[in-house]
Colleague: 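After the structure tokens below, expect a handful of questions from me.
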Amino acid sequence: MFSNYLARPCRYFPAQCTVVKFLHTSPVKCSSVELTQIRYSNLKRGNYTSLADKHVSFFESLLSKTRVLTDKSDVESYNVDWLKTMRGASKVVLKPKSTEEVSEILKYCNDNVLAVCPQGGNTGLVGGSVPVFDEIVISTVLMNEIISINKTSGVLVCQAGCVLENLEAEVTERGLVMPLDLGAKGSCHIGGNISTNAGGIRLLRYGSLHGSVLGVEAVKADGTVVDCLSTLKKDNTGYHLKHLFLGSEGTLGIVTKVAIQCPPKPQAVNVAFLALDSFEKVLATYRLARSCLGEVLSSFEFMDRDSLMVAVTGLKLKSPVPEDTPFSLLIETSGGNSDHDEAKLSLFLEQATNKGFINDGTLATEPSRIKMLWDLREGITQSLTMDGYVYKYDISLPMEHFYDIVSIMKERLKGTSFIRCCGYGHVGDGNLHLNVTAPSFDRDLLDLIEPFVYEWTAKHRGSVSAEHGIGFKKTSVVHFSKSAEALKLMAQIKAIMDPKGILNPYKVLPSDPH
Ligand code: FAD
Ligand code: MLT
Ligand code: ZN
């Protein structure tokens, strides 16, 4: 029965469909985003030096004029985050090309107490990548050199500003794959991925970056270059300092080079997009997938009806499952042998259907169809921005409570200005993305959502940030997921590595509520 299912042509995507491109951008203009210092007016600027002409002259002598942006229109997009929810007031963007230039810049900024904001692809979702006041933006956009790819060991060494998608293309040519993938791959930089310890859609298969990153080179606030750029799998020589830079969001140093272990490229990839009528069945399907698919299961992604439909509308695609389907799953297998993987998938689908877990679905084995199904899942984030303002929550939860908060929040927000309240995410990692949209920022709506959502998450022993980090937006709630002792140690480490606090101030470490 299921070999038929596998052979069945896709009902929703005509075979001639070409690869989807994200054509839509948020309707909000950068210049109309409220300044962060006004929106969060109780936050005070730190005692940093203000930028003066002599500082700009120094940077121009170091980098040349073309790599020092001061024109208001050139600087604007570096001040505004991807979600268009924060706007800094930086007057200068620096574009170093080498570790030595980053070192010179930081030494000068540290000596002159000039605050800086490191920026990669500026796709971060917690406001970490843009200045809050007038911090100098240090962009890694020109640090985009691949240094080496070793086909035998699978180790890639590159500069921090390489775009993830470009790295994927390069390693693919050598029979390898990047151990991480995410919807922002076309813009995000590997240095940004490391600095946020990004999760994404391959974490289920390849684990977190703490495992795949073999080495890091970073520059401390005073300009010291810390060379931990090991390419070895095993290296137990003292403290594992590289881990300090993973997920520290530019507050401990600027990552300049990375060494990453790339696994072999899977030979066979299949994607099933399935319709389910309850969240209990999502969990039952997950248990079944783990036992039937075992080592070939590479992603187990979930989206509720509102999430799928916002992507269907935003991308102008047809839904691969009936439009009233309450829950959908995108399940990917990747392995070395297509016959073996298809046999496993077939058995899994047969059992899931016989047990009544899944109602409908489609299966893709061709790369273009697979891409379209992934575009629907990955297109949710961008499509949500079309509503106006997005209140975005990225939480880890025990499986049994995974979806409860979406229903609770919908009920709580009844009668307010919200447009959509939806949930999607990486079920396999216990990571839910709860999103609420509204036409524009509304403080009353925010106060209804927060701190409630974080208190609820903490009560259910979850984490207030599963993969996006703390950035600017979550500094006042980090205590829900970190003990007082751990927070104190974080502050001590920050004081050792950046005593003047010039690196990405107002981010990550707890501050006054804002
Ligand atoms: P930026 O946004 O520029 O910066 C992020 C943080 O890192 C900032 O605090 C910045 O100061 C710091 N930083 C950047 N570069 C450096 C450096 N070289 N040295 C020191 N600090 C630095 N995240 C996930 O975890 N999983 C997902 O599935 C995922 N999907 C996404 C999908 C979309 C459509 C979008 C827009 C975002 C998504 N994200 C996801 C969030 C974001 O893409 C990731 O956090 C990404 O890793 C950020 O990389 P970036 O280069 O854009 O960094
Ligand atoms: C995702 O999984 O799609 C990303 O983390 C982005 C988001 O949360 O919207
Ligand atoms: Zn995610």
Side-chain angles (χ1 to χ4, degrees), residues 22 26 78 81-84 96 99 102 106 116-132 135 137-141 143 159-164 180-203 208-209 216-220 244-258 299 301-303 307 310-311 330 374-385 390 392-396 422-427 429 431-435 465-473 503-508:
F22 291 3
S26 156
Y78 295 84
D81 68 327
W82 188 91
L83 282 170
K84 310 252 177 74
T99 305
V102 173
L106 286 183
V116 304
C117 175
Q119 191 177 95
N122 196 10
T123 65
L125 299 172
V126 285
S129 54
V130 288
V132 174
E135 300 87 90
V137 176
I138 302 180
S139 166
T140 53
V141 70
M143 300 180 68
Q159 280 190 302
C162 291
V163 171
L164 180 60
L180 81 159
D181 188 11
L182 51 150
K185 55 181 150 286
S187 306
C188 63
H189 296 183
I190 194 70
N193 300 145
I194 283 176
S195 304
T196 55
N197 186 28
I201 54 184
R202 288 185 185 157
L203 191 135
S208 97
L209 285 174
V216 166
E217 176 194 80
V219 183
K220 273 174 47 193
L244 277 178
F245 299 102
L246 269 94
S248 56
E249 302 178 63
T251 60
L252 298 181
I254 296 193
V255 174
T256 44
K257 289 185 190 141
V258 304
S299 285
E301 297 285 317
F302 138 92
M303 64 219 92
S307 304
V310 80
L330 188 160
W374 268 116
D375 279 347
L376 279 173
R377 162 63 186 88
E378 294 187 324
I380 298 169
T381 312
Q382 180 136 9
S383 302
L384 283 167
T385 66
V390 184
K392 186 168 276 294
Y393 302 94
D394 157 47
I395 51 188
S396 276
C422 61
Y424 54 95
H426 320 284
V427 175
D429 310 331
N431 179 186
L432 173 76
H433 295 310
L434 164 72
N435 285 244
S465 177
E467 59 172 7
H468 295 164
I470 297 299
F472 172 78
K473 291 189 180 166
L503 283 170
N504 226 3
Y506 326 105
K507 316 281 172 63
V508 181

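Both counts, for ligands and for their atoms, begin at 1 and track the order of listing.
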Colleague: Please could you name the atoms of ligand 2 that Arg377 approaches to less than 4.0 Å, counting only its heavy atoms?
Modeller: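 The atoms of ligand 2 under 4.0 Å from a heavy atom of Arg377 are 1 (C), 2 (O), 3 (O).
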
Colleague: Classify the contact between Asn193 and ligand 1 as side chain, backbone, both or neither, using a heavy-atom distance cut-off of under 4.0 Å.
Modeller: both

Colleague: Can a non-hydrogen atom of His468 be found less than 4.0 Å from any atom of ligand 1?
Modeller: yes

Colleague: To the nearest 0.5 angstrom, please state how far the CG atom of Leu203 sits from the CG atom of Asp429.
Modeller: 4.5 Å

Colleague: What atoms in ligand 2 come closer than 4.0 Å to a heavy atom of His426?
Modeller: 2 (O)

Colleague: Considering only non-hydrogen protein atoms, determine which one is nearest to atom 8 (O) of ligand 2 and report residue, atom name and distance to 0.1 Å.
Modeller: His468 CE1, 3.1 Å

Colleague: Roughly how far, to the nearest 0.5 Å, is the OG atom of Ser383 from the CG atom of Asn435?
Modeller: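 Answer for the CG-OG pair, Asn435 versus Ser383, is 11.5 Å.
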
Colleague: With a cut-off of 4.0 Å, which atoms of ligand 1 are near a heavy atom of Ile254?
Modeller: 19 (N), 20 (C)

Colleague: Would Gln382 count as a contact residue for ligand 1, given that I'm defining contact as a non-hydrogen atom of the residue lying under 4.0 Å from a ligand atom?
Modeller: no

Colleague: Does an N or O anywhere in Leu125 fall below 3.5 Å from an N or O of ligand 1?
Modeller: no

Colleague: Tell me, do Glu217 and Val255 make a side-chain contact under 4.5 Å, heavy atoms counted?
Modeller: no

Colleague: Measure the OG1-CD distance between Thr140 and Gln119 for me, rounded to the nearest 0.5 Å.
Modeller: 8.0 Å

Colleague: What does the angle at the Zn ion (ligand 3) come to, between atom NE2 of His433 and atom NE2 of His426, rounded to 10°?
Modeller: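 Rounded to 10°, it measures 100°.
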
Colleague: At under 4.0 Å between heavy atoms, which part of Glu467 makes contact with ligand 2: side chain, backbone, both or neither?
Modeller: side chain

Colleague: Examine the proximity of ligand 2 to Ile201 and report which part, side chain or backbone, both or neither, has a heavy atom under 4.0 Å away.
Modeller: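 Under 4.0 Å from ligand 2, Ile201 contributes no heavy atoms.
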
Colleague: Is there a donor-acceptor pair under 3.5 Å between the side chain of Ser307 and the backbone N or O of Cys422?
Modeller: no

Colleague: If you measure from atom 41 (C) of ligand 1 to every heavy atom of Thr123, Asp181, Asp81, Thr251, which option wins on shortest distance?
Modeller: Thr123

Colleague: Side chain, backbone, both or neither: which applies to Asn504 and ligand 1 if a contact is any heavy-atom pair less than 4.0 Å apart?
Modeller: side chain

Colleague: Starting from atom 6 (C) of ligand 2, locate the nearest protein heavy atom and write down its residue, its atom name and how far away it is, to 0.1 Å.
Modeller: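 Going atom by atom, the protein heavy atom closest to atom 6 (C) of ligand 2 ends up being Thr381 OG1, 3.4 Å.
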
Colleague: May I ask you to check if ligand 1 and Glu378 share an N or O to N or O distance below 3.5 Å?
Modeller: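 Min N/O separation from ligand 1 is not below 3.5 Å for Glu378.
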
Colleague: So His426 and His433, would you call those rings parallel, tilted or perpendicular, with 30° and 60° as cut-offs?
Modeller: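 The arrangement is perpendicular - the two ring planes meet at more than 60°.
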
Colleague: May I ask you to list the atoms of ligand 1 that are less than 4.0 angstrom from any heavy atom of Thr140?
Modeller: 18 (N)

Colleague: In terms of atom number and element, which parts of ligand 2 are under 4.0 angstrom from non-hydrogen atoms of Tyr424?
Modeller: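 Taking each heavy atom of Tyr424 in turn, ligand 2 has 3 (O), 7 (C), 8 (O), 9 (O) under 4.0 Å.
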
Colleague: Once rounded to the nearest 0.5 Å, what's the spacing between atom CD1 of Ile201 and atom CG of Asp181?
Modeller: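 So the CD1 of Ile201 and the CG of Asp181 are separated by 4.0 Å.
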
Colleague: Please determine if Thr381 has a nitrogen or oxygen closer than 3.5 Å to a nitrogen or oxygen of ligand 1.
Modeller: no

Colleague: Does the N or O separation between Gly200 and ligand 1 drop below 3.5 Å for any pair?
Modeller: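 Yes, there is a polar N/O contact under 3.5 Å.
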
Colleague: With a 3.5 Å distance limit and no angle check, can you tell me whether Ser187 reaches the backbone of Gly121 through a side-chain donor-acceptor pair?
Modeller: no

Colleague: Strictly under 2.8 Å, is any N, O or S atom of Asp394 next to the Zn ion (ligand 3)?
Modeller: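 No, outside the cut-off.
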
Colleague: May I ask whether Gly253 has any heavy atom positioned less than 4.0 angstrom from an atom of ligand 1?
Modeller: yes

Colleague: To the nearest 0.5 angstrom, please state how far the CD atom of Glu467 sits from the OG1 atom of Thr196.
Modeller: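 It is 9.0 Å, given to the nearest 0.5 Å.
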
Colleague: Please determine if Gly128 has a nitrogen or oxygen closer than 3.5 Å to a nitrogen or oxygen of ligand 1.
Modeller: yes

Colleague: In the structure I gave you, are the side-chain heavy atoms of Lys84 and Thr385 within less than 4.5 Å of one another anywhere?
Modeller: no

Colleague: Counting each atom of ligand 2 from 1 as listed, which ones have a heavy atom of Lys392 under 4.0 Å away?
Modeller: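 With Lys392 as reference, the close atoms of ligand 2 come out as 7 (C), 8 (O), 9 (O).
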
Colleague: Show the nearest heavy-atom pair for residues Ile190 and Leu180, with the distance to one decimal.
Modeller: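 In this case the closest contact between Ile190 and Leu180 is CD1-CD2, 4.1 Å.
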
Colleague: Quick one: OG on Ser465 to CD on Glu249, what's the gap to the nearest 0.5 Å?
Modeller: 7.0 Å

Colleague: How far apart are the closest heavy atoms of Trp82 and Gln382, and which atoms are they?
Modeller: CH2-CA, 3.7 Å

Colleague: Of all N, O or S atoms in Glu467, identify the one at the shortest distance from the Zn ion (ligand 3).
Modeller: OE2

Colleague: Thr196 to ligand 1: N or O pair under 3.5 Å?
Modeller: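 Between Thr196 and ligand 1, an N or O pair is found under 3.5 Å apart.
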
Colleague: Would Asn435 count as a polar contact of ligand 2, with the cut-off being nitrogen or oxygen pairs under 3.5 Å?
Modeller: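 Asn435 vs ligand 2: no N/O contact under 3.5 Å.
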
Colleague: Would Gly121 count as a polar contact of ligand 1, with the cut-off being nitrogen or oxygen pairs under 3.5 Å?
Modeller: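 Such a contact does occur with ligand 1.
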
Colleague: Which of the atoms of ligand 2 are close to His433, meaning less than 4.0 Å from one of its heavy atoms?
Modeller: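 By the 4.0 Å cutoff, the relevant atoms are 1 (C), 2 (O), 4 (C), 5 (O), 8 (O).
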
Colleague: Under 3.5 Å, is there a donor-acceptor pair linking the side chains of Asp394 and Asn431?
Modeller: yes

Colleague: What pair of heavy atoms forms the shortest contact from Cys117 to Gly128, and how long is it?
Modeller: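 Heavy atoms of Cys117 and Gly128 come nearest at SG-O, 3.9 Å.
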
Colleague: May I ask you to list the atoms of ligand 1 that are less than 4.0 angstrom from any heavy atom of Ala198?
Modeller: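 Listed by number with element, the hits are 25 (O), 47 (O).
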
Colleague: Considering the options Asn504, Val137, Ile138, which one meets the side chain to side chain contact (heavy atoms under 4.5 Å, CB included) requirement together with Val116?
Modeller: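 That would be Ile138.
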
Colleague: Using a strict cut-off of 4.0 Å, indicate which atoms of ligand 1 neighbour a heavy atom of Glu249.
Modeller: 9 (O), 11 (O), 12 (C)

Colleague: If you measure only the distance, is there a donor-acceptor pair under 3.5 Å linking the side chains of Thr256 and Gln159?
Modeller: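 No, because no side-chain N or O of Thr256 sits under 3.5 Å from a partner of the opposite role on Gln159.
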
Colleague: Looking at non-hydrogen atoms alone, which of Ala184, Pro118, Ser195 comes nearest to atom 33 (C) of ligand 1?
Modeller: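 Answer by nearest heavy atom: Ala184.
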
Colleague: Within 2.8 Å of the Zn ion (ligand 3), is there any N, O or S atom belonging to His468?
Modeller: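 Coordinating: no.
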
Colleague: May I ask you to decide if Gly250's main-chain N or O and Ser248's side chain share a donor-acceptor pair within less than 3.5 Å?
Modeller: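 Absent.
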
Colleague: Any non-hydrogen atom of Leu125 lying under 4.0 Å from ligand 2?
Modeller: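 Flag set, Leu125 near ligand 2.
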
Colleague: Relative to atom 19 (N) of ligand 1, which among Val255, Thr256, Leu180 owns the nearest non-hydrogen atom?
Modeller: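 Closest candidate by heavy-atom distance is Val255.
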
Colleague: Given side chains that start at C-beta, do those of Ser195 and Phe245 come closer than 4.5 Å, heavy atoms only?
Modeller: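 Side chain of Ser195 against side chain of Phe245, heavy atoms only: no contact under 4.5 Å found.
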
Colleague: For the pair Arg377 and Glu301, find out whether any cationic side-chain nitrogen is under 4.0 Å from an anionic carboxylate oxygen.
Modeller: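 The answer is yes: the pair qualifies as a salt bridge.
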
Colleague: Report yes or no: does a heavy atom of Gly199 sit under 4.0 Å from some atom of ligand 1?
Modeller: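 The answer is yes, since Gly199 has a heavy atom less than 4.0 Å from ligand 1.
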
